[in-house]
Amino acid sequence: MKLPIHSVAVLALACLLSASPGRAADPIVGLIVKTETNPFFVTMKRAAIEKARALGVELRTYSGAYDGDAKGQIAAIGDLVNAGAKGILVAPSDPAALADAVARAREAGAAVIALDTPFEAPGSADATFATDNFQAGALIGMWARARLGESARHARIATLDGFEAPITVDVRRNQGFLSGFGVDIRDPDRKYDEDDPRIVGSGTTRGTVEGGRAAMDALVREHPDIDAVYAINEPAAAGAHAALKALGLEKDILLVSVDGSCRGVRDVAAGAIGAIAMQYPVRMARLGIEAAVAFARTGGRPEAIPGSDFHDTGVTLVTDAPVPGIPSISSARALKKCWG
């Protein structure tokens with residue numbers, strides 16, 4: 001069977017079960033991530049596969065061709081519905097664009113569980129397991145402000161965001177960072193409406209190393225006095241650091257980000273990133289698989305899953321330069337967790 005999406009893996013695990021005669025076929029559960037070029041989603045997929053194996057279900061995994069590939073994710077949802085999937089876990093690249101496909105999947109009897117990125121309309125999914133991205137941004141914003149001390153009052157801030165479109169994760173991390181830094185953000189659900197003179201510019205990165213490098217290079221050439229940079233994720237931060245290093249500015253600009261991979265933690269240890277907000281994709285995947293399997297194996301009873309409310313999977317500040325009043329852990333301690 002050929003599955004119509006960029007990166008597809010099928011994990012069939014029924015043979016691991018000692019099924020009794022007449023037992024119904026094991027339920028199909030699907031996982032749709034944004035992209036497999038981002039280590040965050042590679043880790044999420046690996047954790048989902050391991051959990052599915054432990055629970056003895058068939059897991060079909062999909063990813064978009066690139067971050068923002070809503071059409072690919074919509075096609076994956078349709079494929080899973082046609083296959084009779086009882087649970088669909090999705091990290092939506094564009095929640096608004098996926099809304100109709102998700103509604104159709106739920107009408108067809110599948111539980112849809114959002115991972116990492118919530119849907120905008122309340123009740124759009126049967127459950128959501130994700131980071132509080134505003135809090136993740138706020139933690140690194142508060143740390144950066146405290147780290148700069150008195151100079152934070154006259155800081156020159158650049159933000160390296162994901163997309164121009166208002167994607168939930170992108171907006172919430174950006175707004176959380178600015179709020180934590182002490183900027184009047186006006187509307188927490190809208191980027192770029194602030195008038196704080198400390199914000200000198202923003203760039204879109206698509207959450208990639210290449211995007212981070214290009215955006216950082218352009219911003220620092222236009223505003224050579226930048227002294228604080230927020231990056232949406234660690235790939236974008238890695239690209240930003242590479243651009244700053246090429247210009248000989250890597251020691252002059254405070255760089256913060258969100259993710260918490262082992263690579264990112266090592267970048268903190270090396271001084272390339274001042275602080276990161278660690279999130280937990282492994283936890284998201286495990287909880288999502290458990291909920292989907294419970295729903296499927298109880299005949300689709302809604303009470304088998306924890307409901308459509310947002311379930312915060314946690315966030316931890318990682319830095320080797322702790323500041324009073326902001327809880328954090330060191331890079332050495334964080335290396336023992338790395339997204340766990």
Can Ile232 be reached from Leu254 by stepping across I, L, V, M, F, W or Y side chains whose heavy atoms are under 4.5 Å apart? yes
Pair Asp161, Tyr230: side-chain N/O donor-acceptor within cut-off below 3.5 Å: no
Say you draw a straight line from CG of Asp227 to CG of Leu148; how long is it, rounded to the nearest 0.5 Å? 6.0 Å
Rounded to the nearest 0.5 Å, what's the gap from CZ on Phe40 to CG on Asp116? Could you check? 4.0 Å
Shared hydrophobic cluster, Met284 / Val258 (ILVMFWY, side-chain heavy atoms < 4.5 Å): no
Can you tell me how far the CD1 atom of Ile273 sits from the CG atom of Leu255, to the nearest 0.5 Å? 5.5 Å
Apply side-chain contact (heavy atoms from CB on, under 4.5 Å) to Tyr192 and Ile199, showing your working. CA-CA 10 Å; Tyr192 308 147; Ile199 304 172; over 6 Å; no
Dump the intermediate steps for side-chain contact (heavy atoms from CB on, under 4.5 Å) on Val220 and Leu247, then the final yes or no. CA-CA 9 Å; Val220 80; Leu247 295 169; 3.1 Å; yes
Looking only at the side chains, is there a donor atom on one of Glu234 and Ser261 sitting less than 3.5 Å from an acceptor on the other? yes
Does Leu287 belong to the same Ile/Leu/Val/Met/Phe/Trp/Tyr cluster as Val57, with side-chain heavy atoms less than 4.5 Å apart forming each link? yes
Name the one of Arg173, Gln279, Arg172, Arg283 that satisfies side chain to side chain donor-acceptor pair (under 3.5 Å) with Thr131? Gln279
Using the rule given for salt bridge (Lys or Arg N to Asp or Glu O under 4.0 Å), can you reason through Asp195 versus Arg186, listing the C-alpha separation, both sets of side-chain angles and the distance that settles it, and then say yes or no? CA-CA 9 Å; Asp195 59 6; Arg186 296 185 175 179; 2.6 Å; yes
Rounded to the nearest 0.5 Å, how far apart are CD1 of Ile167 and OG1 of Thr117? 8.5 Å
Do Leu139 and Ile157 land in one hydrophobic cluster if side-chain heavy atoms of ILVMFWY residues count as linked below 4.5 Å? yes
Candidate pair Glu290 and Lys51, rule salt bridge (Lys or Arg N to Asp or Glu O under 4.0 Å), full reasoning: CA-CA 8 Å; Glu290 287 174 355; Lys51 192 63 178 180; 2.9 Å; yes
Applying the side chain to side chain donor-acceptor pair (under 3.5 Å) criterion to Lys191, which one of Asn174, Thr159, Asp170 satisfies it? Asp170
How would you list, by chain and number, every residue that makes a ring pair (Phe, Tyr, Trp, His ring centres under 6.0 Å) with Phe295, sequence neighbours excluded? none
Counting only heavy atoms not in Arg147 (residues, nucleotides, ligands), do more than 12 fall under 6.0 Å from its CZ? no
Here the gap from Arg206 atom CZ to Tyr66 atom OH, rounded to the nearest 0.5 Å, amounts to 6.5 Å
Rounded to the nearest 0.5 Å, the CG atom of Asp187 sits from the CG atom of Asp184 at a distance of 11.0 Å
Check the pair Val293, Lys86 against side-chain contact (heavy atoms from CB on, under 4.5 Å), reporting the backbone distance first and the verdict last. CA-CA 8 Å; Val293 171; Lys86 296 302 181 183; over 6 Å; no
Under-4.0 Å salt bridge between Lys45 and Glu36: yes
Hey, quick one: are Val42 and Trp339 part of the same hydrophobic cluster, counting side-chain heavy atoms closer than 4.5 Å, chains of contacts allowed? no
Thinking salt bridges, do Arg221 and Asp217 make one under a 4.0 Å N-O criterion? yes
With distance as the sole criterion, is a donor-acceptor pair present between the side chains of Ser330 and Asp320 under 3.5 Å? no
Check: Met44 and Arg46 side chains under 4.5 Å, non-hydrogen atoms: no
Any non-hydrogen side-chain atom of Trp143 less than 4.5 Å from a side-chain atom of Arg145? no
